[in-house]
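Order of appearance sets the numbers: ligands from 1, and atoms from 1 within every ligand. Position 1 is the first residue of the sequence; numbering continues from there.
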Amino acid sequence: MYKTLHTDVTDSIFTVTINRPDKLNALNKDVMSELSQAVDEIYENDEIRSAIITGAGTKAFVAGADISEFLGLTREQGQALSARGHDLFFRIASCPKPIAAAINGFALGGGLELAMACHFRLCTTNAKFGQPEVNLGLIPGYGGTQRLTQLIGRGRAIEIMLSARMVEATEAHVMGLVNYIVEEQNELLTKTRELLSIINEKGPVAVARIIECVNIAAGDGAFFGSAAVWEADPFGGETRVEEGGAVRNGFQREQEAFGECFGTEDMKEGAKAFLEKRKAVFTGK
Ligand code: COA
């Protein structure tokens, strides 16, 4: 069905493997468009409870956007490319079903941005992380300036983006960029599946509302609509102004979402199961 992806559903976990190992799984137009379809599947297929995004081979998760597609782009086309990447990665970040990045090697540029759009990250000891766009006279364009700052803090994020240096797995772990490191490549998917299996046993409504409220806290609370308008800035660039972009109040949203959980069968089942000293069985209702 897909040309550049391999996909599989096992035990309600959808695994998406980006499959261009000879180009270190670089994100070209085809990969981006197929990833978008795969994300639609995650949203729409009721058999899928959670997902993993990984790369084929042992060398790279994703070594960035495909640089061979950059030459010849105009300023407007560059901005449109960025906007498409933003929309796709925003859909990953705001997906109500958890999506984990399993990072098997280089996660550079758009590859790190893809990993950071996922809800959490696991990697192998040989993983290397970076935002090397500045080496190309560019900046991260698929959300990296925002998500790296959210995840590791402003000082570290700026230094990594300005220097374009590679960050080893152990440093990435200390910074909070990855949740777990595994020693061997073959443990990576096993460990990721173990973690998602634990989450898959929880009530889906509660899982979705936690993701939503945390995203608001992380700064994704402003409405991200297609009706964005741009204003000239004094340095010859432009500043994006969101129409209707009132920042949502995460504390307020948490109260509503907490109430929404009380409206589910799963919440009643969870509380009853605790009191009856048995394991809860959640149905998503
Ligand atoms: N876009 C397009 N092609 C890429 C790519 C990218 N981001 N990253 C790697 N490739 C291609 C290489 O051009 C090469 O293709 P070829 O065999 O047809 O020449 C192939 O993948 C293997 O990469 P290579 O550079 O030979 O591997 P390496 O082990 O010597 O170096 C990297 C690995 C990751 C250090 C190096 O590929 C690299 O710096 N990639 C670009 C990273 C980057 O700047 N990403 C941000 C883009 S915005």
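Residue Ala65 has at least one heavy-atom neighbour below 4.0 Å for each of these atoms of ligand 1: 1 (N), 6 (C), 7 (N), 47 (C). Set against the non-hydrogen atoms of Asp66, the atoms of ligand 1 under 4.0 Å away are 1 (N), 2 (C).
Nearest protein heavy-atom neighbour of atom 4 (C) of ligand 1: Lys23 O, 4.1 Å. Among protein heavy atoms, atom 5 (C) of ligand 1 sits closest to Ala26 CB, 4.1 Å. The protein atom (non-hydrogen) at minimum distance from atom 1 (N) of ligand 1 is Ile67 N, 3.0 Å. The shortest contact between atom 20 (C) of ligand 1 and any protein heavy atom is with Asp22 O, 3.3 Å. For atom 44 (O) of ligand 1, the nearest non-hydrogen atom of the protein is Pro132 CG, 3.6 Å. Summary of contacts: the protein heavy atom closest to atom 37 (O) of ligand 1 is Leu24 CD1, 3.6 Å. The nearest protein atom to atom 35 (C) of ligand 1, hydrogens excluded, is given as Met166 CE, 4.0 Å; this is a heavy-atom distance.
Within the 4.0 Å cut-off (strictly below), a protein heavy atom is located near atom 7 (N) of ligand 1. Protein heavy atoms all stay at least 4.0 Å away from atom 12 (C) of ligand 1. For atom 24 (P) of ligand 1, no protein non-hydrogen atom is found at a distance below 4.0 Å. There is a protein heavy atom less than 4.0 angstrom from atom 27 (O) of ligand 1. Distance remark: protein heavy atom present below 4.0 angstrom from atom 16 (P) of ligand 1.
Atom CZ of Phe258 has 12 or fewer heavy atoms from other residues, nucleotides or ligands within 6.0 Å. Open room surrounds CD on Gln146; 12 or fewer heavy atoms of other groups in view lie less than 6.0 Å from it. For CZ of Phe274, the number of neighbouring non-hydrogen atoms (other residues, nucleotides, ligands) closer than 6.0 Å is 12 at most.
When each of Leu177, Val178, Asn104 is tested with Cys123 by the rule side chain to side chain contact (heavy atoms under 4.5 Å, CB included), just one qualifies, namely Val178. Among the candidates Thr58, Thr124, Ile181, the single residue satisfying the side chain to side chain contact (heavy atoms under 4.5 Å, CB included) test with Leu188 is Thr124.
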Donor-acceptor list for residues 89-96 side chains, cut-off 3.5 Å, not counting sequence neighbours:
residue : atom : partner : partner atom : Å
Arg91   : NH1  : Asp40   : OD1          : 2.6
Arg91   : NH2  : Ser36   : OG           : 2.8
Ser94   : OG   : Phe90   : O            : 2.6

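The closest heavy-atom contact to atom 34 (C) of ligand 1, among the options Leu138, Asn135, Leu108, comes from Leu108.
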(request) Check the pair Leu195, Phe120 against side-chain contact (heavy atoms from CB on, under 4.5 Å), reporting the backbone distance first and the verdict last. (result) CA-CA 10 Å; Leu195 205 50; Phe120 46 85; 3.7 Å; yes
(message) Set out, in order, the CA-CA distance, both residues' side-chain angles and the distance that settles side chain to side chain donor-acceptor pair (under 3.5 Å) for Ser82 and Gln79, then state yes or no.
(response) CA-CA 5 Å; Ser82 174; Gln79 186 173 323; over 6 Å; no
(message) Glu183 vs Lys191, test: salt bridge (Lys or Arg N to Asp or Glu O under 4.0 Å). Steps then yes/no.
(response) CA-CA 11 Å; Glu183 293 293 324; Lys191 174 77 186 167; over 6 Å; no
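Ligand 1 has no N or O atom lying under 3.5 Å from any N or O atom of Ser68, backbone or side chain. Of the N or O atoms in Phe106, none lie within a sub-3.5 Å distance of an N or O in ligand 1. The shortest N or O to N or O distance between Lys59 and ligand 1 is below 3.5 Å.
Residue contacts with ligand 1 for Ala63 involve both N, CA, C or O and side-chain atoms from C-beta outward (heavy atoms, distance under 4.0 Å). At a 4.0 Å heavy-atom cut-off, ligand 1 touches Glu133 through the side chain alone.
Arg253 has a carboxylate O that lies under 4.0 Å from a charged side-chain N of Glu212, or vice versa, which qualifies the two as a salt bridge.
Linking Ile, Leu, Val, Met, Phe, Trp and Tyr residues whenever their side-chain heavy atoms come within less than 4.5 Å leaves Ile139 and Val62 in two separate clusters. A continuous path of hydrophobic side-chain contacts links Ile53 to Leu148 [ILVMFWY only; heavy atoms under 4.5 Å].
Every residue was checked against the side chain to side chain donor-acceptor pair (under 3.5 Å) condition with Thr192, not counting sequence neighbours, and none meets it.
Using a non-hydrogen distance threshold of 4.0 Å, Gly110 does not register as a contact of ligand 1.
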